[in-house]
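In what follows, a structure is listed as structure tokens, so that the remarks can point back to it.
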Amino acid sequence: MALAQLIDGRLIAARLRKELSEKVEKIKKRGRAPSLAVILAGEDPSSMIYVRNKEKYSKEVGIEASLYRLPVQTGERALLDLIGELNESPDVDGILVQLPLPPHINAQKIIEKIDPRKDVDGLTPWNQGCLMGRREGMVPCTPLGCMELIKSTGVSLEGKTAVVVGRSLLVGSPMAQLLLKENCTVIQAHSKTKDLFSYTRQADILVVAAGRPGLVSGEGVKEGAIVIDVGINRREDGHLCGDVVFEEALQKAAFITPVPGGVGPMTIAMLLRNTVKASAFFLPQSSDLIKLEEES
Ligand code: NDP
């Protein structure tokens with residue numbers, strides 16, 4: 001069988017950012033640019049890189065990004081107060097709290113404080129409920145990006161078997177919901193799943209989001225599958241790798257995402273899209289523009 005076709009997340013994300021920048025340009029003409037507040041507490045090196053990229057790409061598409069950098073010892077109260085202020089601010093459309101937070105802060109409490117309309121990460125219980133209940137809301141960026149990558153293959157999803165490895169609220173669980181919405185038959189695996197490959201081998205669409213390097217080898221991949229590798233792991237030699245053994249899966253899948261250059265760039269593109277979407281709530285003069293264009 002021929003090697004799988006690569007799904008180029010960088011290319012697709014660049015295309016999406018270009019579309020977004022055109023939309024942002026029109027929104028700006030009607031008032032102000034959509035705006036995103038990013039909160040970073042502490043100095044986690046990976047978080048600092050992610051936040052830098054979020055700022056960089058916001059700027060590229062014309063979104064106004066403000067970074068709130070807080071020292072690691074910041075207390076929960078101070079963080080809740082900051083979110084309260086940002087919720088009230090007419091100049092802020094989206095709020096993102098970079099996770100993980102320092103261990104003395106209850107992340108769930110912080111997230112629940114975000115106004116669901118400004119919750120561009122889609123993590124508040126309100127937005128989780130919207131996804132469950134098939135209502136319009138903010139969907140977490142990574143699964144939204146994965147869905148775009150899956151759809152880019154042009155393969156019809158209805159009736160296909162989809163296996164999601166992972167059940168986090170950030171990735172695995174919303175991913176499973178999105179695939180269900182596309183009428184896939186969905187199996188969700190996690191760390192207590194027995195004989196993982198007996199499920200993954202059934203997958204026409206396999207999304208792996210476990211954070212375990214090399215968890216899924218070629219043996220666990222069905223011939224002709226679409227494989228989306230969400231995992232980002234740093235190998236001992238410093239290079240990044242996913243949760244799938246890429247070289248082996250390449251021999252069996254029809255489509256596969258690389259790591260890096262697959263899901264990562266899409267996560268940021270979806271954050272920007274969610275910010276533009278959130279701005280429809282707060283820039284009423286632009287809401288018709290945003291809605292009309294999303295429907296077309
Ligand atoms: P979590 O640690 O929150 O969740 C991991 C999930 O994988 C859990 O549900 C866990 O099961 C499951 N799991 C762990 N080990 C196994 C195993 N051996 N077999 C089957 N399932 C297993 O991670 P996230 O969901 O936040 O992220 C997952 C990965 O995706 C990480 O590598 C992360 O870095 C990456 N990531 C990448 C992004 C991107 O933009 N590319 C964005 C976000 C995350 P259980 O629930 O039983 O513990």
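Order of appearance sets the numbers: ligands from 1, and atoms from 1 within every ligand.
With ligand atoms numbered from 1 in the order given, ligand 1 contributes 39 (C), 40 (O) to contacts under 4.0 Å with heavy atoms of Thr267. For ligand 1, the atoms closer than 4.0 angstrom to any heavy atom of Ala209 are 5 (C), 6 (C), 7 (O), 28 (C). For ligand 1, the atoms lying closer than 4.0 Å to a non-hydrogen atom of Val165 are 20 (C), 21 (N). In summary, the atoms of ligand 1 found under 4.0 Å from a heavy atom of Thr142, numbered by their order in the structure, are 40 (O), 42 (C), 43 (C). Taking every non-hydrogen atom of Gly264 and a distance limit under 4.0 Å, the qualifying atoms of ligand 1 come out as 40 (O), 41 (N).
The residues Glu136 and Lys277 are annotated as salt-bridged, a charged nitrogen and a carboxylate oxygen being separated by less than 4.0 angstrom. Salt bridge annotation for Arg32-Asp93: present, with a cationic side-chain nitrogen under 4.0 angstrom from a carboxylate oxygen.
Going from atom CG of Leu196 over to atom NE2 of His190 covers 10.0 Å, rounded to the nearest 0.5 Å. For the atom pair Ile226 CD1 and Ile256 CD1, the distance stands at 11.5 Å (nearest 0.5 Å).
Counting only heavy atoms of the protein, atom 27 (O) of ligand 1 lies nearest to Val171 CG2, 4.2 Å. For atom 36 (N) of ligand 1, the nearest protein heavy atom (residue, atom name, distance) is Val230 O, 3.8 Å. The protein heavy atom nearest to atom 34 (O) of ligand 1 is Ile232 O, 3.6 Å. Counting only heavy atoms of the protein, atom 9 (O) of ligand 1 lies nearest to Arg167 N, 2.8 Å. Nearest protein heavy-atom contact of atom 31 (C) of ligand 1 is Gly211 CA, 3.6 Å. For atom 21 (N) of ligand 1, the closest non-hydrogen atom of the protein is His190 C, 3.1 Å. Summary of contacts: the protein heavy atom closest to atom 7 (O) of ligand 1 is Ala210 CA, 3.2 Å. If you check which protein heavy atom lies closest to atom 4 (O) of ligand 1, you get Ser168 CB, 3.8 Å.
With 3.5 Å as the limit, one finds a donor-acceptor pair spanning the side chains of Thr142 and Thr267. A donor-acceptor contact closer than 3.5 angstrom links the side chains of Thr124 and Asp119.
Residues Val207 and Leu178 share a single hydrophobic cluster, defined by chaining ILVMFWY side chains whose heavy atoms lie under 4.5 Å apart.
Heavy-atom contacts from other residues, nucleotides or ligands closer than 6.0 Å to CE of Met132 number 12 or fewer.
At distances below 3.5 Å, at least one donor-acceptor pair connects side-chain atoms of Lys118 with backbone N or O atoms of Val92.
When distances from atom 2 (O) of ligand 1 to the protein are checked, no heavy atom turns up under 4.0 Å.
Among the atoms of Ser191, some N or O lies under 3.5 angstrom from an N or O of ligand 1. Considering backbone and side-chain N/O of Asp243, none are found under 3.5 Å from N/O of ligand 1.
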_Assess the residue pair Arg117 and Asp115 against the criterion (salt bridge (Lys or Arg N to Asp or Glu O under 4.0 Å)); give the C-alpha distance rounded to whole Å, side-chain angles, the decisive distance to 0.1 Å, and a yes or no._
CA-CA 5 Å; Arg117 296 170 302 172; Asp115 180 336; 2.8 Å; yes
